[in-house]
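First the structure, in the form of structure tokens, and then the observations on it.
Note that the structure is a prediction, hence the values are computed from the model and not measured. For this chain, numbers begin at 1 and follow the sequence in order. Counting starts at 1 for both ligands and their atoms, in listed order.
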Amino acid sequence: MNNPTRPHDGTAALSASPFPAGARVAVIGAGVVGSAIALRLAAEGYRISLIDPRPPGSECSFGNAGQIMPYAVAPIALPGALGRLPGWLADPLAPFAIRWSYLPQLAPWLARFIAASVPERVEPISLALAALCAQALPSLDSLLTMAGADDLLVRRGLLYLFESEAAWQNASSEIELMRRHGVRFEALEPDSLRQVEPALGPGVTRSLLMPDNGHLLDPQALVARLAAAMVTRGGEIVMDEVHDVILGPDGPRAVLTDQGERPCDAVVLAAGARARGLAARLGADVPLDTERGYHVMLAAPGIDLRMPFVSGDGGLHATPMAHGLRLAGTVELGGLEAPPNPARADRLLEVGRRLLPGLCEAGATRWMGFRPSMPDSLPVIGLSPTVPRTALAFGHGHLGMTLSAVTAHLVADLVTGRPPMVDPTPYGPGRFA
Ligand SMILES: Cc1cc2nc3c(=O)[nH]c(=O)nc-3n(C[C@H](O)[C@H](O)[C@H](O)COP(=O)(O)OP(=O)(O)OC[C@H]3O[C@@H](n4cnc5c(N)ncnc54)[C@H](O)[C@@H]3O)c2cc1C
């Protein structure tokens with residue numbers, strides 16, 4: 001990295017100064033998080049450059065399950081995580097798996113993940129997730145309206161399905177957290193389930209209906225519309241890769257990209273799973289890693305799924321989308337460099353076949369993407385602890401589509417100096433110091 005000026009060692013009060021009105025803001029990363037922030041800040045009167053070498057929504061925001069899941073108030077690391085570790089290492093095709101070859105690099109992240117799974121940590125983490133989840137749909141509604149994208153969100157609810165008693169037992173602490181945090185859900189008897197979703201086979205023994213969840217018909221189209229709406233508000237899309245941020249005494253002066261220097265007055269880092277290096281440069285040494293996930297897209301699935309579902313047994317999220325049925329999910333801790341394991345995508349298809357008799361696989365396409373994941377399951381959202389006029393927003397793990405709009409709202413509050421819509425403390429970039 002080029003090293004023009006050392007980070008300003010200003011006080012927390014100085015670094016927490018809002019962005020000046022009308023400032024030129026470089027938003028690094030045009031995934032759903034960066035694009036949502038770019039649109040919000042453009043609407044606040046900032047002059048936005050949304051910078052990404054790829055078109056908006058090309059990375060993790062492209063291939064996800066598109067489920068809007070305010071029910072997801074439970075962290076990924078739950079009590080019992082340590083005991084499950086051997087199982088995660090044993091089966092490379094399990095819904096949650098660790099690649100042996102990546103274990104040495106993963107160890108510090110994994111240690112924090114396990115540490116976050118104890119009941120004393122789970123409770124406050126869940127509270128912090130619930131605070132964001134409670135605002136997820138209202139914020140998304142308002143952002144979709146700004147982007148002229150209301151047609152992309154369907155609010156028909158979501159099913160949580162269980163085939164085995166073991167999976168049901170495994171989900172007990174998650175369901176207990178949902179109950180405690182006021183998530184609305186109801187248990188369906190098998191007959192009612194079949195009426196709600198006739199495409200399901202007979203293997204499901206228990207199910208929950210979550211009426212307050214939604215799904216996106218095309219996640220990438222959503223990101224493209226957010227970015228386009230930002231452009232109509234005077235912003236620009238710049239297809240560069242950012243290599244560094246050049247800092248002066250008042251904060252960022254320019255971003256250094258593969259095409260040269262681009263002047264700016266403020267920066268928002270939203271580079272998803274690849275944000276770690278730039279985050280360190282911007283004063284936040286964070287243990288960001290990736291949970292790799294897969295999808296299989298079936299353009300003509302041969303069945304009509306009415307609403308999305310999650311399989312408690314197979315880690316599968318199935319979503320009816322504009323261009324077919326998407327079977328997505330699972331976690332593979334394997335870093336950013338290793339090639340995809342197509343057998344993991346095939347495993348999703350197997351679970352889909354089991355749950356949806358009649359599924360037609362012709363023309364299936366496969367994809368792998370990198371969730372930006374923090375070991376405590378909480379995103380990083382906040383002003384840099386040391387660099388003025390700098391905000392960070394990444395690490396949304398399994399919930400980036402769900403939480404992008406509320407993140408953008410919170411970032412807009414923080415950079416304009418308004419009272420924040422939720423207490424930002426639990427998501428602070430400095431929390432790992
Ligand atoms: C299989 C799967 C299923 C999922 N299902 C759901 C779901 O149903 N609901 C849900 O809420 N979430 C879901 N997620 C999670 C969600 O997709 C992510 O949390 C979200 O997409 C992250 O968005 P992002 O903008 O932070 O990252 P990304 O979409 O990855 O965007 C980051 C962008 O930053 C750019 N970038 C990186 N480095 C630089 C640089 N140096 N300079 C410029 N640009 C840079 C990248 O090119 C990329 O475009 C799922 C994820 C997976 C993998």
Side-chain angles (χ1 to χ4, degrees), residues 1 26-38 49-72 132-133 136 140 158 213-216 219-220 222-223 226-227 237-245 255-259 262 267 269-279 281 288 290-297 308-310 315-319 321 326-332 336 340 344-345 348 366-374 379-381 392-408:
M1 254 188 195
V27 178
I28 304 172
V32 71
V33 174
S35 301
I37 292 169
S49 299
L50 178 59
I51 310 179
D52 196 310
R54 307 184 64 193
S58 297
E59 287 269 349
C60 197
S61 303
F62 168 84
N64 56 78
Q67 298 182 347
I68 304 301
M69 307 182 280
Y71 82 86
L132 292 178
C133 283
L140 185 61
L158 180 142
N213 292 262
H215 67 279
L216 297 165
Q220 188 186 28
L222 168 67
V223 184
L226 295 173
I237 296 171
V238 177
M239 292 188 67
D240 288 5
E241 179 171 325
V242 176
H243 291 167
D244 199 1
V245 177
V255 288
L256 183 67
T257 79
D258 52 348
Q259 305 299 317
R262 293 191 174 274
V267 160
L269 177 63
R274 299 181 198 278
R276 190 169 183 171
L278 285 169
R281 172 80 176 131
L288 172 70
T290 183
E291 292 168 274
R292 298 145 59 104
Y294 291 78
H295 89 209
V296 176
M297 193 74 200
F309 69 75
V310 181
L316 165 71
H317 292 239
T319 310
M321 291 189 173
R326 184 167 289 177
L327 306 177
T330 76
V331 169
E332 184 188 37
L336 293 165
R344 288 188 66 81
L348 286 170
R366 288 162 179 76
W367 170 90
M368 185 198 68
F370 301 106
R371 294 184 191 90
S373 298
M374 308 307 297
V380 169
I381 310 169
L392 303 105
F394 54 80
H396 291 72
H398 295 240
L399 293 176
M401 306 312 290
T402 305
L403 299 182
S404 54
V406 62
T407 297

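- Here atom 22 (C) of ligand 1 lies nearest to Pro372 when heavy atoms of Pro372, Gly31, Ala345 are compared.
- If you number the atoms of ligand 1 from 1 as listed, the ones under 4.0 Å from a heavy atom of Gly272 come out as 26 (O), 27 (O), 32 (C).
- To the nearest 0.5 Å, atoms NE2 (His215) and CD (Gln67) are separated by 8.5 Å.
- Here the heavy atom of the protein found nearest to atom 49 (O) of ligand 1 is Asp52 OD2, 2.5 Å.
- Each of the atoms 33 (C), 34 (O), 35 (C), 44 (N) of ligand 1 lies under 4.0 Å from some heavy atom of Gly29.
- The distance from ligand 1 to the heavy atoms of Ala65 drops below 4.0 Å at these ligand atoms: 3 (C), 4 (C), 5 (N), 6 (C), 8 (O).
- Distances from atom 21 (O) of ligand 1 to the heavy atoms of Gly400, Ser404, Ser61 show the closest one on Ser61.
- Checked by distance only, ligand 1 and Thr402 come closer than 3.5 Å through their nitrogen or oxygen atoms.
- In this structure, atom 53 (C) of ligand 1 lies nearest to the protein heavy atom Arg371 CG, 3.6 Å.
- No donor-acceptor pair closer than 3.5 Å links the side chain of Glu59 to the backbone N or O of Ala30.
- Proximity annotation for atom 41 (N) of ligand 1: of Leu158, Val242, Ile51, Val33, Val242 comes nearest, heavy atoms only.
- For a threshold of 3.5 Å applied to N or O pairs, the pair formed by Met401 and ligand 1 contains at least one separation below that value.
- Each of the following atoms of ligand 1 lies closer than 4.0 Å to a heavy atom of Ile28: 42 (N), 43 (C).
- Listed by number with element, the atoms of ligand 1 under 4.0 angstrom from any heavy atom of Pro53 are 43 (C), 44 (N).
- Note that the CG atom of Leu50 and the CG atom of Leu226 stand 10.0 Å from one another [nearest 0.5 Å].
- Residues Pro379 and Leu132 have side chains in contact (heavy-atom distance under 4.5 Å, counting atoms from C-beta outward).
- Here the heavy atom of the protein found nearest to atom 12 (N) of ligand 1 is His398 O, 2.9 Å.
- For the atom pair Thr402 OG1 and Asn213 CG, the distance stands at 8.0 Å (nearest 0.5 Å).
- In terms of heavy-atom proximity, Leu327 sits nearest to Ala318 at CD2-CB, 3.8 Å.
- Per-residue contacts place Gly66 under 4.0 angstrom from the following atoms of ligand 1 (heavy atoms of the residue considered): 7 (C), 8 (O).
- Atoms of ligand 1 lying under 4.0 Å from at least one heavy atom of Tyr294, given by number and element, are 1 (C).
- Residue Phe370 has no N or O atom closer than 3.5 Å to an N or O atom of ligand 1.
- Evaluated for a side chain to side chain contact (heavy atoms under 4.5 Å, CB included) with Ile68, the options Leu399, Leu158, Leu216 yield exactly one hit, Leu216.
- Between the Arg371 side chain and the Cys60 main chain, no donor and acceptor come within less than 3.5 Å of each other.
- The shortest contact between atom 4 (C) of ligand 1 and any protein heavy atom is with Asn64 CB, 3.2 Å.
- Near Val32, meaning under 4.0 Å from one of its heavy atoms, ligand 1 places the atoms 23 (O), 25 (O).
- At least one N or O atom of Gly397 sits closer than 3.5 Å to an N or O atom of ligand 1.
- Note that CD1 of Ile51 and CD1 of Ile237 are 11.5 Å apart. Values are rounded to the nearest 0.5 Å.
- Shortest contact from atom 38 (N) of ligand 1 to any protein heavy atom: Ala271 CB, 3.6 Å.
- Heavy-atom minimum distance, Leu403 versus His396: CB-CD2, 4.0 Å.
- Residues Gly397 and Ser373 approach most closely at CA-OG, 3.6 Å, considering heavy atoms.
- Inclusion of Gln67 in the set of residues having an N or O under 3.5 Å from an N or O of ligand 1 is warranted.
- Using a distance-only test at 3.5 Å, with no hydrogens or angles considered, a donor-acceptor pair links the side chain of Asp52 to the main chain of Arg54.
- Nearest heavy-atom pair, Gly272 versus Pro372, reported as atom, atom and distance to 0.1 Å: C-CB, 3.4 Å.
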